[in-house]
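Chain naming here is simple, since letters A, B, ... match the order of the sequence lines and numbering starts at 1 in each. Only a predicted model underlies this, so the values are computations on that prediction, with no experimental measurement involved.
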Amino acid sequence: MGATFGAMNEIRVLTDPDLVVTPSSSHGRRQPGIGMRLASPRVFLWLASAILLAFLLVPLAAIFIRAIPSGAFNDSLGDPVVREALQLSLVTTALTLLVAIVLGTPVAYLLARYRFRGRDTLDTLIELPMVLPPAVAGVALLMAFGRRGILGPTLSTVFGLEIPFTTLAVVMAQTFVAAPFFIKAAKAGFESVDPDLEHVAATLGISRIQTFWSVTVPLSLPALMGGAVMAWARALGEFGATIMFAGNFMGRTQTMPLAIYQTMESGRLNAALVLSSILIVVSFSVLIIFKGLARFAAGDIGRPNA
Amino acid sequence: MGATFGAMNEIRVLTDPDLVVTPSSSHGRRQPGIGMRLASPRVFLWLASAILLAFLLVPLAAIFIRAIPSGAFNDSLGDPVVREALQLSLVTTALTLLVAIVLGTPVAYLLARYRFRGRDTLDTLIELPMVLPPAVAGVALLMAFGRRGILGPTLSTVFGLEIPFTTLAVVMAQTFVAAPFFIKAAKAGFESVDPDLEHVAATLGISRIQTFWSVTVPLSLPALMGGAVMAWARALGEFGATIMFAGNFMGRTQTMPLAIYQTMESGRLNAALVLSSILIVVSFSVLIIFKGLARFAAGDIGRPNA
Amino acid sequence: MQPAISAGPMLDVDITKRLATLDLAVVFSLDAEVLALFGPSGSGKSMTLKMIAGIETPDRGHIRSAEHTFFDSGAGVNLAPQRRRVGYVPQHYALFPHLTALENVTFPLRKGLRWPAGRARDRAHELLEMFGLADRAHARPRQLSGGQQQRVSLGRALAGEPDILLLDEPFAALDAPIRAELRQEFRAIQQRLQIPVLFVTHDLEEAASLAGRMAVVIDGAVRQLDLTRTILDRPVDRQVAQFVGARNIVPGAVRRHSTGICADTPIGAIGIAATSLKDGARADIIIRPDAIRIIRPGRPLDQLRDATMVSGTISDLIDHGTRIAVFATVEGTLLEASLSPTAAGRLELRIGDPIQLAILQAYLHVIPAGA
Amino acid sequence: MQPAISAGPMLDVDITKRLATLDLAVVFSLDAEVLALFGPSGSGKSMTLKMIAGIETPDRGHIRSAEHTFFDSGAGVNLAPQRRRVGYVPQHYALFPHLTALENVTFPLRKGLRWPAGRARDRAHELLEMFGLADRAHARPRQLSGGQQQRVSLGRALAGEPDILLLDEPFAALDAPIRAELRQEFRAIQQRLQIPVLFVTHDLEEAASLAGRMAVVIDGAVRQLDLTRTILDRPVDRQVAQFVGARNIVPGAVRRHSTGICADTPIGAIGIAATSLKDGARADIIIRPDAIRIIRPGRPLDQLRDATMVSGTISDLIDHGTRIAVFATVEGTLLEASLSPTAAGRLELRIGDPIQLAILQAYLHVIPAGA
Amino acid sequence: GNNDDAADGGGEITVFAAASLTDAFNDLKADFETEHPGVTITYNFGGSQQLATQLVEGARADVFASANYTQMEVAQDGDVVEGEPRLFSRNRLAIIVPNDNPADISEPPDLAQPGTKLVVAAEAVPVGGYTLEVLDKMSADPEFGEDFRANVEANFVSLEDNVRQVVSKVALGEADAGVVYVTDVTADVAPQVELVEIPEEFNVIAEYPIAMVQDGDAELANTFIDYVLSDAGQAILQEYGFTELPS
Ligand SMILES: Nc1ncnc2c1ncn2[C@@H]1O[C@H](COP(=O)(O)OP(=O)(O)OP(=O)(O)O)[C@@H](O)[C@H]1O
Ligand SMILES: Nc1ncnc2c1ncn2[C@@H]1O[C@H](COP(=O)(O)OP(=O)(O)OP(=O)(O)O)[C@@H](O)[C@H]1O
Ligand SMILES: [Mg+2]
Ligand SMILES: [Mg+2]
């Protein structure tokens, strides 16, 4: 689609030829009114984007600017504390993402495709963990699953499971704060899929579950991937709920954010920034690789609008 | 659509009649294989949902269970500290949401509709603030906009603006951590809109910006609303970046999460839980009202799939 | 798949559904045959198909195939679409936008019937080939023309060799040669599989040439279900008549006289062959355009037995390509006659010319007035 | 909007675009007239319309209206669709799913032309009324039948009184009576606005009755652009001939003899009226089904001057409703003749009967072989 | 801020104070403001580390009251405090156990019982450092045994970054014991925990330094610091469990 001719800007409009208007197209007849009307939103589009992007990126850059001269990267990477924290972060966030996707997808589907009494209430209840200050979330988790919590004694006597201070608690804390992001995004994604396509799949003898996998999921992939990224990122940066519910113990519950915090606590801000840079670089790589893989899996055109 | 006959479950399938199969429909011929295949995903759907919902809701309930007997709600609501914090939270998160929407929408549109070199990189960079532990985000903001930060001196000499420890800083901290959630969701929403509809609008003489407002936005509304809710919720619960970048000044930068923290710090856990309950109830009400209004504005059928 | 051995019809439909501006109430049944649903836009044809496919649920009634009850409001049965084994081509194709043409066709084979990949692909290729799409197999729907999309949808519906075919205007986006070819294919498929085929069409010629019988759906009800020829020749009421292309409907009163029956109409007394209507009954006389012969003045009339002669003036001539419509005003009434281009050329007609029309008695049809 | 006073054509198109399996290269121009784009599925008709509307960009060439250059690859011009003032009805309607029928039609008036709400609504109601949709004004596209959706799309395209109308199979989902009515409306609109109307159709009859001229697009190129009648009577090549419904194309060699010209063909020497082809040239003789008259044995032949008589056997009869196709085998070649149902009834034809065919010389068309 | 009108008795003092001082300092504020009409105190309560970072990054303040010397040193190294910090308060450590005391801990040696879940602050956090000092002192005592510290450390399940988290976990019954400041056992927490005293000889005294911030209003800052060090100020601090300053 979107044809090319002549020399074009590097930045190309994917879908709307409006912006392909070249200066000569107005043939000296362009009415100023129309020109203005077309120009100002475009100016706004770029200006607003530039402002927000600068706002988001300058602080990130600041971390590196401060961290790099300290030259402590190699030391940090060699530090077993850092390595263990990084490894724990990657493992627990992967598990969190898995849980969020496996259990969150049904919830999102339910909310998107079924109509039942209290649906809106449920939808809103699910949003509340996002509202809670993380430390409160941690306290809430303790009160629910802790030794004296609502479910804690049952878990302990029936399953012999004491959750706080374990790696499981880290995953639970992360899931608690991150899963709602996946659910919200997936729900919006499912809602954007034309139900007619699902109906037709049914007439073709394809079961509901197969339809879900082969039609609904591919068509809502951008939303699902966006949700997965948000949930993963939120989990990776999670600090307050984790330290409250899981505590801070190297190799078991000390994730990167906890390690960074502890470094800051000991008055070594620069070292903390180095760890933060490592976290940023690792996340960036993971995200880029993940997107590349997804793009590859979808053959780059998995979406109708691609 | 979705017709009714006879006595139906209260929970109705919106779109797929598969689930409307009543027991008698099998006429004694149901092959067990098919029955199993149809049943197990459904069981999984409900079971997984139930598990995750319980996991998310029990801790929330725990807060109330602990907070209510303390009976301190009225006291807390009368407390000027609480009132100021609540008010500040509502005002700053409203501003944050406004900024996230006004500036985030162009970014999302750009990422969804334009193809330019480095698009994926930009997309990923925007995700990084979600990854940062909030305290690090606060430090990064200080290093960018603080008195000794990268842009701080300029802002101060040119605009006479000292951002840290002001209400503006609260908004900026919240925006930094929350805007990416809106951008991600909005991007996925825009991607799900059929570009053909935008093309046709262009042939009808409707400018790109009008098309955006009248076609793209209404059709991606579930995603946009989801994104707005996520960003708002994330901003409302924001603690680490705020306290670092904006400080904890009553009436100026002490939002609800900071007030809750301070209450916890001074050893009053129960009081902190009461404040958390207030935060939860207020958010719940705001979210429910917001959804009701949106539904009303869209005439309940603003979406093709509604 | 065995041919069903069954006493009843292979598809029996008797359903009602209340829609915003229409109360749908359709009753019909069919065997291993091709039935056309023919009717005005918005009369409920697509909705009927959707209810049979299981995509929409009727309010009341039943739908039964030879082997299954699809739906029965009395018994509380509503079979899942997956188990109805219908091949359904929706009016707007509903192709899966993320799959190529080939994958769209392979889809029901792989996921529905769980065929091995190779076999499914071979079969899909065969279908695409049959529909002239071999070279577009790897294009996605957005990269296909309208007609190509429609053919992919046809291929997809056929792939699983369904027990019933439901086609919603399956050839509407196709040109005449492909259309003719596909009709041929469908006839062959239907004969091979011996299944009921229900198809919606707006094209009378298509209905006539593909279907044995035709159900005329007007305002949500099947008004007439019969052999196509019969409906064309003897529509049950004025609306059906108009809809199947009766251009001339002249009101009159039946009168029996010594040598036969005639109807007194504004254009004079027209001889009619037979009618069960009583003497003096008000009636509408339907005169098909091709039941009017145009006589060049001075032309011998001997061969035109059993015809009523009327005279008028040519008021308009419209060239429809394969036929020419001649509009003539007779006693203030406009009559439309139809000629082949060659005949029209021979007659050298011009607007304003006086003209003689022979209304052939054998092809007239009389229906009670107000029906 | 003033009628454009312009020396050149009102729409001048000369563009190329390379597609996956097709190299599109269309050249044509039109004035304030109705031109039909007619051609096989996948030949590039929709793509041509999209490029004129500004939705797709040609690789090279130009598109000019009376007042604007829409596109010119040489000059680097590519006018935004908003400024082309075309009314475009896409093949799949592309209605806005979140707006009601009424809102869809009001949309360009309110947002494009910035009419006040009241006036826009009145105009939209008027259009919906005209298209028989008054009672569905508040339904959303998903709640409309296919034909209703198509009509809303037509109303929407017309609402802004565009300078050019581009209609992609605008009546494909409509039944014959509505179709006839709408054609009438469109003719009236076109005559009132005096704008060029370009419409894609698969229906020869529609092309013939709505358009003055017709462009036959095959394999991405305009093969013939002429009066519809001319194309039907004198197609430039075999493919065009086949596509416009020439059923009988008989190969032969031209031979001039004392009393005229004939072509030696497998079914015998057929007299032809005129040809510019040299003696002995290989040619295809196109015999339209209605240029073949069927003679009942014993029927006087006096009136059939300038006809070649051949005999054969009836091999098939197909009832197309308004016409009957008679297939006859003559010397091993299958010929198709067309009869009105009444004539067919009179002749009492049966498969297997011997038959006499008169091939009317005046309606034959001879094209060089291999064209 | 540092308003210019400070000189004439009015103005605003911005005090960056460790979060553990919240209640005491809020109490002190009322008295101070009555004594110095026209002067208002604005507090920024937070972790000492966070406050130090803020100051180093350019935060404007007049007074910095840290919960430890480490973070005060960070501020000093960052060149943001003026003059020598003054010690204004002290705190001592105590062991707390949940009120049902599941591990049955009644005296410090019980901390070494295998299987006990101990929660303490991380070493980087002042109270965490002090905790280890206490353990070292105990290990040095033959009564506890040389491997006492190692045995206790084996029971750590979490090294909190904040003393409050230690309190919460013990109060909620998640940990069998924790080591905190005496001042952390507030009225709200008291019913949920039991205090196990650490004998004087093993205990460590935490010291709270206070200093003037550079570019701040020196006069007002000194007024506030003096007030904190005054008998009235000290009395309020002791009300909240802080230990007397050595004379
Ligand atoms: N989901 C719906 N809700 C309400 N009314 C509907 C819905 N779908 C269709 N209708 C209405 O029901 C009537 C029948 O629709 P249907 O699609 O069956 O018509 P149709 O006979 O297929 O017409 P067409 O030939 O134009 O496709 C129409 O008036 C339509 O507007
Ligand atoms: N976006 C695209 N990318 C690649 N090929 C395309 C694209 N759109 C159309 N084509 C191909 O270009 C050819 C012309 O398509 P077009 O839609 O113009 O056909 P059409 O003449 O309108 O046919 P129909 O009558 O079936 O609608 C087809 O072979 C089609 O598959
Ligand atoms: Mg329909
Ligand atoms: Mg097309």
Side-chain angles (χ1 to χ4, degrees), chain B residues 1-4 13-17 105 109 113-116 186 188-226 291 293-306, chain D residues 46 49-57 70 78-100 103-115 138-144 152-153 155-168:
Chain B
M1 303 274 296
T4 49
V13 178
L14 238 191
T15 50
D16 191 323
T105 304
Y109 191 76
R113 282 282 187 263
Y114 289 63
R115 183 157 282 174
F116 48 90
F190 294 152
E191 278 175 347
S192 75
V193 175
D194 183 355
D196 274 356
L197 294 176
E198 296 176 354
H199 297 159
V200 167
T203 70
L204 293 169
I206 291 141
S207 68
R208 207 171 157 81
I209 178 80
Q210 289 251 33
T211 301
F212 175 75
W213 283 115
S214 319
V215 178
T216 316
V217 165
L219 289 176
S220 49
L221 211 56
L224 294 177
M225 281 187 29
K291 280 177 205 175
L293 286 179
R295 194 179 289 272
F296 178 76
D300 200 0
I301 33 175
R303 289 237 66 227
N305 307 347
Chain D
S46 297
L49 252 53
K50 284 182 197 166
M51 289 191 286
I52 299 171
I55 285 176
E56 295 273 355
T57 311
F70 285 1
N78 190 7
L79 197 65
Q82 284 89 345
R83 304 185 58 208
R84 298 190 180 194
R85 291 192 49 73
V86 300
Y88 171 53
V89 176
Q91 194 165 2
H92 295 134
Y93 328 146
L95 294 182
F96 300 116
H98 59 301
L99 302 179
T100 64
E103 288 163 350
N104 263 282
V105 179
T106 324
F107 192 61
L109 300 175
R110 296 279 294 131
K111 309 280 175 177
L113 302 178
R114 293 162 188 282
W115 284 17
H138 299 293
R140 283 171 208 270
R142 277 181 65 83
Q143 300 163 326
L144 293 174
V152 174
S153 186
R156 185 179 64 176
L158 274 181
E161 304 223 328
D163 292 350
I164 296 174
L165 267 180
L166 305 172
L167 314 174
D168 203 344

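In this structure D:Q91 satisfies the side chain to side chain contact (heavy atoms under 4.5 Å, CB included) test together with C:A173, D:S46, D:D168, D:E169, sequence neighbours excluded. Qualifying side chain to side chain contact (heavy atoms under 4.5 Å, CB included) partners for D:A159, counting only residues two or more places apart in sequence or in other chains: D:V105, D:P108, D:L109, D:L127.
Summarising the geometry of D:G112 relative to B:I206, their closest heavy-atom pair is N-CG1, 3.8 Å, with the distance given to 0.1 Å. Here the shortest heavy-atom pairing between B:V215 and D:F107 reads CG2-CZ, 3.7 Å.
In this structure, the separation between CZ on D:F96 and CG on B:D194 is 10.5 Å, given to the nearest 0.5 Å. Atom OG of B:S214 is separated from atom NE2 of D:H98 by 7.0 Å, given to the nearest 0.5 angstrom.
By the 4.5 Å heavy-atom criterion applied to side chains, B:Q210 and D:R110 are not counted as neighbours. Side-chain atoms of B:V200 and D:R156, non-hydrogen and from C-beta on, do get closer than 4.5 Å to each other. A heavy-atom distance below 4.5 Å is not found between the side chains of D:P162 and B:T203.
For D:L166, no part lies under 4.5 angstrom from a heavy atom of chain B.
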